Amino acid sequence: MALQFLGKYRETGLLLIRVSIGLIFIILIAPVLWNGRGSWEHFGAAMRHLDFHSHFQVWGFIGALVGCAGGVLMILGLFFRIGVLCALIVTLVHVVAIWKAAAGNRDVDLTLESALHRAGTI
């Protein structure tokens with residue numbers, strides 16, 4: 001094989017993928033934690049599509065905390081699968097919210113692709 005020498009960089013590639021996915025997830029969700037109750041309520045409003053009709057601030061805070069914790073666990077490599085599972089849960093709630101809010105939109109495809117990518121890393 002002509003590219004057999006790249007085998008020694010396998011672990012480095014996995015590290016870069018793990019760190020980049022975790023960092024992207026933290027960059028997207030950390031501002032929700034920092035901005036307070038208004039952002040939590042907006043973030044938690046996606047639970048409306050799962051037939052939860054109250055306490056959106058609490059759901060938003062829990063979702064943002066779980067998402068950021070999942071990103072940190074992915075970056076550190078500590079309990080990586082649990083971190084990916086946390087990120088996948090937040091992504092699946094987002095998929096359901098986008099799916100029910102905008103049927104046939106391109107956002108549904110991108111969000112579903114992101115969820116399948118996270119499910120594949122488990």
Side-chain angles (χ1 to χ4, degrees):
M1 284 256 166
L3 299 176
Q4 203 168 20
F5 71 94
L6 292 175
K8 63 184 175 182
Y9 299 114
R10 178 176 160 227
E11 298 298 322
T12 305
L14 291 174
L15 173 72
L16 289 174
I17 289 172
R18 190 180 75 215
V19 169
S20 63
I21 291 173
L23 192 62
I24 288 171
F25 219 76
I26 289 174
I27 288 171
L28 291 175
I29 295 182
V32 175
L33 279 176
W34 294 331
N35 289 335
R37 294 183 181 205
S39 293
W40 298 344
E41 187 169 359
H42 182 68
F43 195 72
M47 293 298 286
R48 179 178 295 131
H49 299 287
L50 297 174
D51 291 332
F52 290 94
H53 297 290
S54 63
H55 306 295
F56 294 136
Q57 288 180 358
V58 174
W59 287 114
F61 177 73
I62 290 172
L65 191 64
V66 165
C68 284
V72 168
L73 289 175
M74 279 190 272
I75 288 174
L76 295 177
L78 182 68
F79 305 114
F80 175 73
R81 290 186 178 174
I82 295 172
V84 172
L85 187 63
C86 291
L88 181 64
I89 290 169
V90 173
T91 305
L92 287 177
V93 170
H94 184 67
V95 165
V96 170
I98 293 292
W99 192 281
K100 289 188 176 182
N105 196 352
R106 180 161 161 68
D107 293 336
V108 175
D109 297 336
L110 294 175
T111 309
L112 188 59
E113 181 181 342
S114 175
L116 291 175
H117 181 264
R118 284 189 185 84
T121 53
I122 290 179

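It should be emphasised that the depicted structure is a prediction, and the values quoted were computed from it without experimental measurement.
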Inset, instruction - Decide yes or no on side-chain contact (heavy atoms from CB on, under 4.5 Å) for F25 and V90, but give the supporting numbers first. - result: CA-CA 10 Å; F25 219 76; V90 173; 4.3 Å; yes

To the nearest 0.5 Å, how far apart are [atom1] in [X] and [atom2] in [Y]?
| X | Y | atom1 | atom2 | result |
| --- | --- | --- | --- | --- |
| F43 | N35 | CZ | CG | 12.0 Å |
| S54 | W59 | OG | CH2 | 9.0 Å |
| I82 | L88 | CD1 | CG | 13.5 Å |
| L73 | C68 | CG | SG | 11.0 Å |
| L65 | C86 | CG | SG | 9.5 Å |

Taking [Y] as the starting point, is it possible to reach [X] by hopping between hydrophobic residues whose side chains are less than 4.5 Å apart?
| X | Y | answer |
| --- | --- | --- |
| I62 | L33 | yes |
| F79 | V66 | no |
| L23 | M74 | no |
| W40 | F56 | no |
| F52 | V93 | yes |

Legend entry - Candidate list I17, L15, L16, test side-chain contact (heavy atoms from CB on, under 4.5 Å), partner V19, passing option: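 Of the listed residues I17, L15, L16, the side-chain contact (heavy atoms from CB on, under 4.5 Å) partner of V19 is L15.
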
Inset, instruction - Determine the sole option in I21, L28, I26, I27 for which the side-chain contact (heavy atoms from CB on, under 4.5 Å) test with I24 is passed. - result: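 When I21, L28, I26, I27 are each tested with I24, the side-chain contact (heavy atoms from CB on, under 4.5 Å) holds only for L28.
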
Legend entry - Connected-component partners of L14 among ILVMFWY, side-chain separation under 4.5 Å: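 So far as hydrophobic clustering goes, L14 is joined with none.
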
